[in-house]
Q: 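Before I ask anything, here is the structure I am working with.
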There are 2 protein chains.
Amino acid sequence: MITMREIAKRTGVSVSTVSLVMNHHDEGRVNPQTAAMVRETAHKLGYKVNPLARSLRTNSTRILGFISDEVATTPFAGGMILGAQTAASQLGYMLITVSTDGGVREDDEIDALKRYGVDGFLYAEMSNRVTDVPSKLLDYPTVLADATDRNGTIPSVVPDEFSIGYDATSYLVKAGCQRIAYVGCDAPGVEQAQSGRLAGYQAALRDGGMPYDESLVTNVTEPKTAVESVHDLFDRERPDGFFCFNDARTLYVYETAARHGLTIGKDISVVGVDHHRVFAETLYPALTTVELPHFEMGYWAAVKLVSLIDAQAVTNLKPPTTTAAIPPIDANTPKIHCTLLKKGSVALH
Amino acid sequence: MITMREIAKRTGVSVSTVSLVMNHHDEGRVNPQTAAMVRETAHKLGYKVNPLARSLRTNSTRILGFISDEVATTPFAGGMILGAQTAASQLGYMLITVSTDGGVREDDEIDALKRYGVDGFLYAEMSNRVTDVPSKLLDYPTVLADATDRNGTIPSVVPDEFSIGYDATSYLVKAGCQRIAYVGCDAPGVEQAQSGRLAGYQAALRDGGMPYDESLVTNVTEPKTAVESVHDLFDRERPDGFFCFNDARTLYVYETAARHGLTIGKDISVVGVDHHRVFAETLYPALTTVELPHFEMGYWAAVKLVSLIDAQAVTNLKPPTTTAAIPPIDANTPKIHCTLLKKGSVALH
DNA sequence: ATGAAAGCGCTAACAC
DNA sequence: GTGTTAGCGCTTTCAT
């Protein structure tokens, strides 16, 4: 490992001078010539600051803690983690991810993260909900992802549920569907997503000049009765378009369609939120999907968190290439409390 | 933050004594009375060692680096991460996870991890393959998960592919199937999995007193032609049992079955490897699944890595409750080079 | 403009 | 048995 002392020795200056230069605190304090030399040898030797040693003095590790459960059970956690990691990496931070499933106690994990000196926390849910932030986080900078704080005091990043419903339904309207059904979800915990998407569905119908008809809406909870109720919807209403709350509900529709001998993309149109990639990629290219912005939520939550920790670190951040589809948000986006993000990608086929 | 100095002051001893006690180096060096006092006040004050400060002296952070790509694109990464994190947590280590998709350069991430002082690396693939370990890892303790090193020098943990094929097929034999098909995969990169599972399939047929018939095997590569070839297999061979290489291939079979008006669990039996949870949970309870031991691979890879770093840290480890299904492996399992793991859970319905 | 020195929390060799 | 001391790599105050 190459240290400041090393490059001080080689340059013939003191460690403090090197420190000043390496931290860009040399403006008007260090001779530009000296500074240049220091920088040069540092670069030549491939010097990198030891963040752990630094943290001993500064009380700042540039480590972010990412907490969530369900990492092992949903395919969506990965996107959020990757988004958060991408932002962290761009800002010179590191991400430590812990999941609290697997029998690991949440409070213990938080303690462990604190021991490792994280500068702040990302607390992520895997489905937009109102949540209680663990009290152990309250004394640290914390940002929620895919959830909002019940008390409204913690900044959070959530998807634009209304737009998801609106865009999906508009797509079906434009596709020429006459009888557009909504296969929703009234399970507890997802009220935010359900109501937002339903409202978007209704608005898109209205803007498309179509009436809102309650009998075209079925809210599915129990897997057991799910196929039945969708089957029922098919028989009763003969919809020609379906907006599905999530992957499971898309499956119900597909199953029912197959049993009725109907082909998606020909006889009926389906737009599903977030269904598993394998469907669209390998089997049902005629399915249209609205992807939840998991990557983007992770990304902007991390940006927000870093801005809380060190406001000026966030200047000159360039948004990630992978999120070309998100609307032009400036570096000072994530507003406090509730930032709306939307991936405008209703894929056309 | 409560430091050693603090508890030294309170107890009236020196910091070094506290250090000795807290590191269990007091045996025969520190008066048991004093030791007890130290321990007591440490406990009372909730003292926790600062691993970062310690690492400055010891060159050991007790942080493990977990590297993989595809965290955002496969639903399986989460299980491995959780397994690794669980083991790390049990052994007093922390896990920093980085993924190299998202445009982040692998070498850069490795450098970053080194800067943060990781003691070793877990390098994970999302499908059992022969891989080249990045040269940047060669000077650190490293363990592969779901992959083997091309040079055979790096320890690795992989699934027992043969048993997967054998168990799945045996299940179909026991279920009374007469014509058992294998829907395999001959895409490049998964040769290990494909050949192992195929061999298991053949062995189970043999042991079941059934002939191996090549025309019952179809190896699917291209999604485009996939449904066709499975359709073809249905028409040509009229199998009554299917062993499917992975979730996509299970889907092809389900699709084809639906189109033929056949019901899984009634007309035909299907055993699929690792298909998405949502299938079994919400729609097709009659599907039988063999789950790849992602959690276990992550878990044992981490155990192995820690044993490389600090052999005696691994004593008195108790295996995680979540892996009750894995065979009784002792703490000294992961053998060097190639440890075979198997989740013996062919779920019966 | 630069360096000496102190100290972050901890470990370990060495004295007493 | 226990304390003193030095030092890990870095930042920062204070002399010079």
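Just so we're on the same page: letters track the sequence lines, and every chain starts at 1. Worth saying up front: this structure is predicted, and the values here are computed from it rather than measured.
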Q: Name the nucleic acid region contacted by G117(B), choosing base, sugar-phosphate or nothing; use a 4.0 angstrom heavy-atom cut-off, strictly under.
A: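 Nothing, no heavy atom under 4.0 Å.
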Q: Which residue, S55(B) or V30(B), contacts DNA chain D at a nucleotide closer to its 5' end, judged by nearest heavy atom?
A: V30(B)
Q: Consider the side chain of V15(B), meaning its heavy atoms from C-beta on, and name the nucleotide among dG3(D), dA12(C), dT11(C) that approaches it most closely.
A: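 So the nucleotide nearest the side chain must be dT11(C).
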Q: In terms of side-chain heavy atoms, does S99(A) have a donor or acceptor partner in E70(A) at a distance below 3.5 Å?
A: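 No donor-acceptor contact under 3.5 Å links the two side chains.
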Q: For a quick check of understanding: with a heavy-atom distance under 4.0 Å over all strands, which category does T34(A) fall into, base, sugar-phosphate or nothing?
A: sugar-phosphate
Q: Out of L137(A), D149(A), T153(A), which one pairs with T142(A) under the side chain to side chain contact (heavy atoms under 4.5 Å, CB included) rule?
A: L137(A)
Q: Output the single nucleotide from dC10(C), dT2(C), dG3(D) whose closest atom is nearest the side chain of V13(B).
A: dG3(D)
Q: Does a side-chain heavy-atom distance below 4.5 Å link V98(A) with Q85(B)?
A: yes
Q: Base, sugar-phosphate or nothing for T58(B)? Non-hydrogen atoms, less than 4.0 Å.
A: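 T58(B): backbone/sugar contact only, no base atoms under 4.0 Å.
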Q: What about S16(A): does its side chain form a donor-acceptor pair under 3.5 Å with the base of dT11(D)?
A: no
Q: Counting just side-chain N and O atoms, does T17(B) come under 4.0 Å of either OP1 or OP2 of dG3(D)?
A: yes
Q: Just compare dC10(D), dG3(C), dC10(C) and give me whichever is closest to any side-chain atom of S14(A).
A: dG3(C)
Q: Would you say the base of dG7(C) and the side-chain of R57(A) have a donor-acceptor pair closer than 3.5 Å?
A: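 Result: at least one qualifying N/O pair found.
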Q: Considering just the side-chain nitrogens and oxygens of N23(B), establish if one lies under 4.0 Å of OP1 or OP2 belonging to dT11(C).
A: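 Checking N23(B) against dT11(C): at least one side-chain N or O falls below 4.0 Å of OP1 or OP2.
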Q: Look at all strands and tell whether N59(B) reaches a base, only sugar-phosphate, or nothing, counting heavy atoms closer than 4.0 Å.
A: nothing
Q: Among dG9(D), dT11(D), dC10(C), which is the nearest nucleotide to the side chain of V49(A)?
A: dT11(D)
Q: Which label fits Y140(B) and F121(B): parallel for a plane angle under 30°, tilted from 30 to 60°, or perpendicular past 60°?
A: perpendicular
Q: Which nucleotide, dC10(D), dC10(C), dT2(C), lies nearest any side-chain atom of A53(B)?
A: dC10(C)
Q: Should R54(B) be listed as having a side-chain N or O under 4.0 Å from OP1 or OP2 of dT11(C)?
A: yes
Q: Using a strict threshold of under 4.0 Å (side-chain N to carboxylate O), is an ion pair present between K44(A) and E40(A)?
A: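 Salt bridge between E40(A) and K44(A), a charged N being under 4.0 Å from a carboxylate O: no.
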Q: For S19(B), which contact category applies under a 4.0 Å heavy-atom criterion: base, sugar-phosphate, or nothing?
A: base
